[in-house]
Amino acid sequence: MRKIIFASRILLSIGMALAVIPSLYIYFRDKPEWIGEAIYLSSAWVVASVVVMALCTEVYYRFFKSIYPAVTLLAATLAAVLSASIYINWATFFGARTADINTWHLLPLFTALHQIKATVFVTLTTGAACILFLFGKALARRLA
């Protein structure tokens with residue numbers, strides 16, 4: 001369980017660092033204001049959601065000691081951190097060259113949608129796999 005807690009804290013730290021990198025890049029590169037605003041809002045969303053995820057995981061790890069929900073929570077943390085951070089980094093470093101002012105303001109919306117989609121999908125699939133594993137384990141015990 002300690003390894004899962006440690007991995008979760010490392011993932012959350014990496015997520016915050018990955019979310020700040022695009023903002024620093026835009027700030028020091030003197031890009032147009034309309035690009036910077038979308039990047040700053042997207043980075044703020046990712047950092048805020050990672051902070052909420054960190055609080056939830058710490059409360060969970062403090063009060064519950066089961067390994068299977070902890071694995072599901074670790075997978076959800078991985079999805080929440082990486083999907084949004086990779087999306088915003090990809091948009092900043094590869095999309096800012098060809099960005100136009102009419103669509104760039106949608107970046108925070110798509111960042112949030114990608115993060116929510118990935119988190120829900122990974123949480124449901126990992127949770128279902130853990131439930132099936134526990135069901136199979138209980139069934140094997142019952143039949144033995």
Verify, without hydrogens or angle tests, whether [X] (side chain) and [Y] (backbone) share a donor-acceptor contact under 3.5 angstrom.
{"X": "T119", "Y": "I116", "answer": "no"}
{"X": "S23", "Y": "Y40", "answer": "no"}
{"X": "Q115", "Y": "A80", "answer": "yes"}

Atom [atom1] of [X] and atom [atom2] of [Y]: how far apart are they, to the nearest 0.5 Å?
{"X": "S49", "Y": "M16", "atom1": "OG", "atom2": "CE", "value": "9.0 Å"}
{"X": "I67", "Y": "L134", "atom1": "CD1", "atom2": "CG", "value": "11.0 Å"}
{"X": "T103", "Y": "F110", "atom1": "OG1", "atom2": "CZ", "value": "9.0 Å"}
{"X": "L109", "Y": "L107", "atom1": "CG", "atom2": "CG", "value": "9.5 Å"}

In terms of hydrophobic clustering (I, L, V, M, F, W, Y; side-chain heavy atoms under 4.5 Å; direct or indirect links), are [X] and [Y] co-clustered?
{"X": "V52", "Y": "L73", "answer": "no"}
{"X": "W45", "Y": "L41", "answer": "no"}
{"X": "L24", "Y": "Y87", "answer": "yes"}
{"X": "L106", "Y": "W104", "answer": "yes"}
{"X": "V71", "Y": "L132", "answer": "no"}

Testing the basics here: between [X] and [Y], what is the closest heavy-atom pair and its distance to 0.1 Å?
{"X": "G15", "Y": "V46", "value": "O-CG1, 4.3 Å"}
{"X": "T92", "Y": "P22", "value": "OG1-CB, 3.3 Å"}
{"X": "A70", "Y": "I4", "value": "O-CG2, 3.9 Å"}
{"X": "S66", "Y": "Y60", "value": "O-OH, 3.4 Å"}
{"X": "S42", "Y": "T111", "value": "OG-OG1, 3.6 Å"}
{"X": "G36", "Y": "I26", "value": "CA-CG2, 3.5 Å"}

Determine, stepwise, if the pair L11 / L74 fulfils side-chain contact (heavy atoms from CB on, under 4.5 Å). CA-CA 9 Å; L11 278 174; L74 181 67; 3.8 Å; yes
Considering only heavy atoms from C-beta outward, does the side chain of [X] approach that of [Y] to under 4.5 Å?
{"X": "I88", "Y": "L18", "value": "no"}
{"X": "I39", "Y": "Y27", "value": "no"}
{"X": "L78", "Y": "V122", "value": "no"}
{"X": "R9", "Y": "E58", "value": "yes"}

- Query: Is the Y68 ring parallel, tilted or perpendicular to the F133 ring (thresholds 30°, 60°)?
  - Reply: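 Judged by the thresholds at 30° and 60°, the geometry between Y68 and F133 is tilted.
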More than 12 heavy atoms from other groups under 6.0 Å of [atom1] on [X]:
{"X": "F121", "atom1": "CZ", "answer": "no"}
{"X": "K65", "atom1": "NZ", "answer": "yes"}
{"X": "W34", "atom1": "CH2", "answer": "yes"}

